Amino acid sequence: MSLEVKNLVKRYGNKTVVDNISFTMEKPGVYALLGTNGAGKTTTIRMLLGILDKDGGEVLWNGKPLNVATCNVGYLAEERGLYPKYTLMDQIRYFAALRGVTGSEATKRIHYWSDRLKLDEYLYPNGKKAVNASAGARRMPVKKQKPMKADQLSKGNQQKIQLLIALLSNPDLVVLDEPFSGLDPVNTDILKDVVRELIANGKYIIMSSHQMEAVEEFCTDITIMARSKAVVKGNLNDIKKGYGRVNLELKVEENVDEFIKKHGIEILSVKENEYKLRVTGDEQANNLLKDLLSAGINIVTFDLKELSLHEIFVKEVQAREELFQKEEAAKEEIK
Amino acid sequence: MNKKTYGLKGLGEVFRFTLVQTFKNKAYLSSLILMLVMSILSGPYMYFAGSVGEKAGEKIGSVSAEDLKMTDVYVNNTSGVKVAVEDLVSVDSIFENVKFHENEAKNEADLLAGEVILDVATTAEGYQIDAIIGNESEINESELDLLLSDYKYAFDYNRKTAVGLDEEIISMVYSSVDSRVDTEKEYNESQNYSAVYNARSGIEMAYCFILMLVITLSASFIAMSVVEERASKLAETLLMSVDPVALLMGKILAMMCYTLLMIVGMVTGFLISNAFTSTFIIKGKQGAAAKMASALNLDTIFAVLSPLNIVILVSFILLAYLACSVLTGILASSCSRQEEVGGTISGTTTITMIGYFVGIFSMQIDKEIVHIVSALVPVVGCFTSPVNYIVGNINLGIFLLSLLIQLVTVVFMMWLCGKVYKKVLVHEGKSLKLFDLFGLMKK
């Protein structure tokens, strides 16, 4: 299986909101679609899924145009939404039926994902099985609780319900638009576990997120969008290598400001002899190390790393923004 | 044509889910139960309300059984025409507490305050009925007028039957005389008027009422259901699995089932209630509901309509319902909040009311051109065309043309839905107006 997105374009009047976005997934994994607010990520996803009509480009799944009616796709939309006044189980079964999952198979899958996403107390308020007291103890009558409705849940739990709905049909392609937004750390970890499971099961996952740590944890390939265009695209490791190893984390037992300034190294932050430095490359870092060792400075940590995804994102988006402003200024001059 | 846009994938699931949730909704369920209960209680209620009215009527002319001063009536009938006390119209109502004494002599000087002598005799000119009261009588004039009027009517009827006139002849003698002016053509046509034609006003009124009820009851249900998905931000998730036309049609069909169930339940409850009232409460007499049905010619209507006529009427009800419902759904999809629904369904309501009044009034106008033109207007034609065809105001050709126009209207609505429904559902920003929808169509 493979997914090919070729030259997607979307315009609203004279404004191009998605400008020639292309990427490919040759093997299962997570593809990250990143970008600033309003960059066009959600619009790209909607075109990919056929929710919005494309003004250009095509989306191919296994070499054929992607059709969500025939291709098994699970989608967690950016806009969180459930029927507020219907019971959760009714809604879940409804969406499962729409994806062709009914009866005992639906029950089995709901049980499974409810357990994985820690939703049992909301979906089964009276327990999955009859509540029995231990043998020999007198049975006390238990007041049956009413099935829960969506508006009784927190935003985070509603989001988990929607994720459950997206995964019920065991989709081959999973599209998650901002899956971590609004989740507390515990639920974030739960979701990460689910993503790991999906990867292990050979799913193709497209994820859009602003949480760079989560993206770095799972994603092999990324596209960063800014102002409707792709500013960075490709394998994450290759992209990072392209920027070189320029982040140096240095921990020593005494103040070494003089050494750092002598080599012209930028100090990003310092806290009690723990330094975060920006070097130009391996050579500069090695020269500093030699100097410190020669001076007999005790070094606790010397860690030379690549730029983080967050830093790459900010750097590239700012560059794109500056370019955009110049283009706009040029257009104004022409007018 | 994009198969996904116009397909019906997911129709069954949307229909089932919407119908189940409608009956689980306390407001909808309460409305249904309330309507059924009201229809079941309608028979006894209308009977007792009508009885109160009759009792109120008994006070006409300041005469009522409770306030009656009259206590005894001494009938002295020497005319030879027998009149039994039971023949008096008001004997069981106004005069229920009055004692009638037949062939019991009473001296005028001995009359008490509540007593009256009714003296019926033959004179040279005919017959004379006198009411004699005492000098200290407390009986008021209106009571005496009523007694004399009742006795006179019964006397007149009995004297005619006594000479051999049967009820039919008497009815003819007592019947009114109408007159009118016709052209030769109108006169010849009127000789051939069918029973259906004669019942045309009743048929049109009943049909238009049912059609208006079905459309207006459903419009708000459908609009609320559509807006709910937009307001809940569910549209994207749904459109992944359901074709846009199917998403709307599933709701429309579910609401149609609910509305029809309500109407059928009300009519059934009404009929059962009326039958129960006639059988057990008023024991064989015509109940208030049956009287009303007779006044509206409803009993005649059901007698003259053939099964084919019924099929024609039901078909047009479905066509009008589909056209209006799809339009309501499309307009409602542009609303992002429940508060905006009211303005949306006003369009559908306006079209329905126009159709209703055109239907009612056009049947009163005996002009062929009016019937033809009204039959050919989309949606409005559903109110006029079927009944006009059934009663013979329009021919088969015009009727089929009208049917074609209504079918094309429904198909157009479906096409419009396929074009714009998905786009409107996922639209973000300000609410869309009708002109904006046409703009979306072009894209």
Side-chain angles (χ1 to χ4, degrees), chain A residues 10-13 17 42-43 45-53 55 65-87 90-102 146-147 149-151 158 161-163 165-166 168-169 171 173 175 177, chain B residues 2-28 224-244 246-247 250 254 336 338 419-429 439-443:
Chain A
K10 182 68 181 171
R11 296 185 194 93
Y12 289 113
V17 296
T42 299
T43 307
I45 286 173
R46 287 175 176 176
M47 283 194 287
L48 191 150
L49 295 172
I51 296 170
L52 282 180
D53 292 333
D55 291 320
L66 176 63
N67 183 350
V68 294
T70 51
C71 169
N72 197 349
V73 181
Y75 176 42
L76 177 65
E78 182 190 17
E79 295 278 5
R80 306 290 176 239
L82 292 169
Y83 292 106
K85 293 297 179 186
Y86 300 160
T87 64
D90 279 353
Q91 297 190 50
I92 290 170
R93 288 198 175 272
Y94 171 48
F95 285 107
L98 287 175
R99 298 302 296 173
V101 183
T102 55
K146 286 183 186 174
K149 296 181 182 175
D151 59 359
Q158 286 187 32
I161 293 287
Q162 282 194 263
L163 180 62
I165 289 170
L168 267 181
S169 64
L173 176 63
V175 181
D177 199 345
Chain B
N2 184 329
K3 193 177 171 190
K4 177 169 168 59
T5 305
Y6 295 99
L8 294 175
K9 178 175 176 283
L11 175 66
E13 287 79 13
V14 175
F15 168 75
R16 271 190 292 275
F17 180 74
T18 308
L19 192 63
V20 167
Q21 297 304 321
T22 300
F23 283 104
K24 281 188 177 181
N25 183 293
K26 286 178 186 166
Y28 289 159
M224 297 286 276
S225 181
V226 170
V227 172
E228 181 181 52
E229 273 159 13
R230 239 196 119 194
S232 305
K233 310 224 185 278
L234 276 159
E236 283 185 55
T237 312
L238 282 168
L239 290 172
M240 287 283 301
S241 311
V242 187
D243 292 331
L247 186 56
S336 35
Q338 303 280 7
K419 270 281 195 181
V420 304
Y421 192 60
K422 187 168 86 165
K423 292 174 189 171
V424 179
L425 274 183
V426 298
H427 169 79
E428 289 171 358
L440 282 178
M441 274 171 56
K442 292 177 190 171
K443 292 184 182 175

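It should be emphasised that the depicted structure is a prediction, and the values quoted were computed from it without experimental measurement. By convention in this document, chain letters (A, B, ...) are assigned in the order of the sequence lines, proteins followed by strands, and residues within each chain are numbered from 1.
Interface residue A:Leu52: only side-chain heavy atoms are found under 4.5 Å from chain B. Contacts between B:Val14 and chain A at a heavy-atom distance below 4.5 Å involve backbone atoms as well as side-chain atoms. For chain B, no part of A:Glu78 is nearby; none of its heavy atoms comes within less than 4.5 Å.
Note that CG of A:Leu48 is 12.0 Å distant from OG1 of A:Thr42, once rounded to the nearest 0.5 Å.
The closest donor-acceptor contact from the side chain of B:Glu228 to the backbone of A:Tyr83 lies at 3.5 Å or more, if one exists at all.
The candidate from B:Glu13, B:Gln21, B:Lys9 with the greatest count of non-hydrogen atom pairs under 4.5 Å with chain A is B:Gln21.
Using a 4.5 Å heavy-atom cutoff, the side chains of B:Val20 and A:Tyr86 are not in contact. Using a 4.5 Å cut-off on side-chain heavy atoms (C-beta onward), A:Gln162 and B:Thr237 make contact.
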